[in-house]
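Note sheet for the following structure.
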Protein chains: 2
Amino acid sequence: MASRINTKHEAWAKVIKAMAHPSRLFIIEELHKGERCVGDLTEMIGADASTVSKHLSVLKNAGLVSDEKRANSIYYTLRCPCVMDFIGCVEDVLSANAKEHAHILKCCKK
Amino acid sequence: MASRINTKHEAWAKVIKAMAHPSRLFIIEELHKGERCVGDLTEMIGADASTVSKHLSVLKNAGLVSDEKRANSIYYTLRCPCVMDFIGCVEDVLSANAKEHAHILKCCKK
DNA sequence: AACCTATTTGGCTAAATAGCCAAATAGCCA
DNA sequence: TGGCTATTTGGCTATTTAGCCAAATAGGTT
């Protein structure tokens, strides 16, 4: 049978892949609070400015953020704040994992 | 300043990274409809069984799916169906991208 | 026990990604 | 213009990932 993976799944993956990095999730979380410029984010993340810039360009290419130049800085904005809603679900997954782990420990102790 | 990236962001990234692949998103979508065994998914995806098995183990390690052996097959289940809700938001991002792209084309034509 | 069927693991290669440094660029200000 | 600040790009290396094949494993069945 022909593969049922199609462009739709690839498009989804592109966006989700752009989110799949600790620094980029930090950026998303931070931008959810409000726009930030590259320098601020760089200082908060504590990595090389070029590294942060590249993370921002990954997010921008995926359409997750947009940028605007003002004064002598570039300000980034989260385009679809709904992406942060997803984190709640991710936390559900993590707490389910933690619960299961605790359960396994409990069983083994007996 | 010390980095503000912490374990939280790494844990989030782990889960999201596990989702960030077309085949794995297909699997998630399919499991959202109901449990499926490896053979069924393999046929639908049209890749090597070992490849699909590895995708499933990525999802399982992230805690996104669980498996249960029954008869002579292993059935996989989506543990937190909420992950599919997120796709709606991803679609929002994609349609915002499409809209912007159309807008740019329109501007250039003039 | 020997045999199936279903699934996983190991080994390999090709491709993608993250991060740093150094250099280029862009716009502001003297 | 020349210098300053902020940001991006290029180049490199180390690491991770995807996918295939072949081999191993796990249970059920005869």
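Note on naming: letters A, B, ... go to the chains in the order of the sequence lines (proteins, then strands), and numbering restarts at 1 for each one. Excluded from the calculations below are hydrogen atoms, water molecules and symmetry mates; all remaining heavy atoms, backbone and side chain alike, are included.
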Q: Report the C-alpha distance between A:C80 and B:C89 in whole Å, list the side-chain angles of each, state the deciding distance to 0.1 Å, and finish with yes or no for disulfide bond (SG atoms under 2.5 Å apart).
A: CA-CA 8 Å; A:C80 298; B:C89 173; 5.8 Å; no
Q: Select one nucleotide: of D:dT8, C:dA18, C:dC20, the one nearest the side-chain heavy atoms of A:H55.
A: C:dA18
Q) Quick one: does B:R24's side chain have a donor or acceptor within less than 3.5 Å of a partner on B:L59's backbone? A) no
Q: Using atom CG of A:D40 as one end and atom C1' of D:dT5 as the other, report the distance to the nearest whole Å.
A: 14 Å
Q.
Using a 3.5 Å distance criterion without hydrogens, assess whether the side chain of A:T42 forms a donor-acceptor pair with backbone atoms of A:V38.
A. yes
Q. Got a minute to check which stems DNA chain C is part of, using Watson-Crick or G-U wobble pairs under 3.5 Å, three or more consecutive?
A. C:1-30 with D:1-30
Q | Comparing A:N72 and A:K54 on DNA chain C - which has the more 5′ nearest nucleotide | A | A:K54
(Q) Quick check for you: among D:dA6, D:dC21, C:dC20, whose closest atom lies nearest to any side-chain atom of A:S73? (A) D:dA6
Q. Does A:T51 have a side-chain nitrogen or oxygen under 4.0 Å from the phosphate oxygens OP1 or OP2 of C:dC20?
A. yes
(Q) To the closest 0.5 Å, what do you measure between CD1 (B:I45) and CG (B:D40)? (A) 11.0 Å
Q: Take the protein atom CD1 of B:I45 and the nucleotide atom C1' of D:dC20, then report the distance between them rounded to whole Å.
A: 15 Å
Q) Within the structure shown, what part of the strands sits under 4.0 Å from A:S53 by heavy-atom distance: base, sugar-phosphate, or nothing? A) base
Q: Would you kindly give the CG-to-C1' distance between B:N61 and C:dT8, to the nearest whole Å?
A: 13 Å
Q) Under 4.0 Å between a Lys/Arg side-chain N and an Asp/Glu carboxylate O for A:K8 and B:E29? A) yes
Q: Mark yes or no for whether B:R70, through its side chain, and B:Y75, through its backbone, hold a donor-acceptor pair below 3.5 Å.
A: no
(Q) Is there a side-chain contact between B:Y76 and the phosphate of C:dA6, meaning an N or O under 4.0 Å from OP1 or OP2? (A) no
Q: Check the distance between C:dT9's P and B:K60's NZ and give it to me in whole angstrom.
A: 8 Å
Q) How many Å lie between CZ on A:R36 and P on D:dT7, as a whole number? A) 14 Å
Q: Scan for salt bridge (charged side-chain N to carboxylate O under 4.0 Å, His left out) pairs involving residues 75-87 of chain A, sequence neighbours excluded, and state none if there are none.
A: A:R79-B:E100
(Q) By the 4.0 Å heavy-atom rule, please label A:Y75 as base, sugar-phosphate, or nothing. (A) nothing
**Q.** Contact residues, residues 13-35 of chain B to DNA chain C [heavy atom, < 4.0 Å]
**A.** none
(Q) Counting only heavy atoms not in A:H32 (residues, nucleotides, ligands), do more than 12 fall under 6.0 Å from its NE2? (A) yes
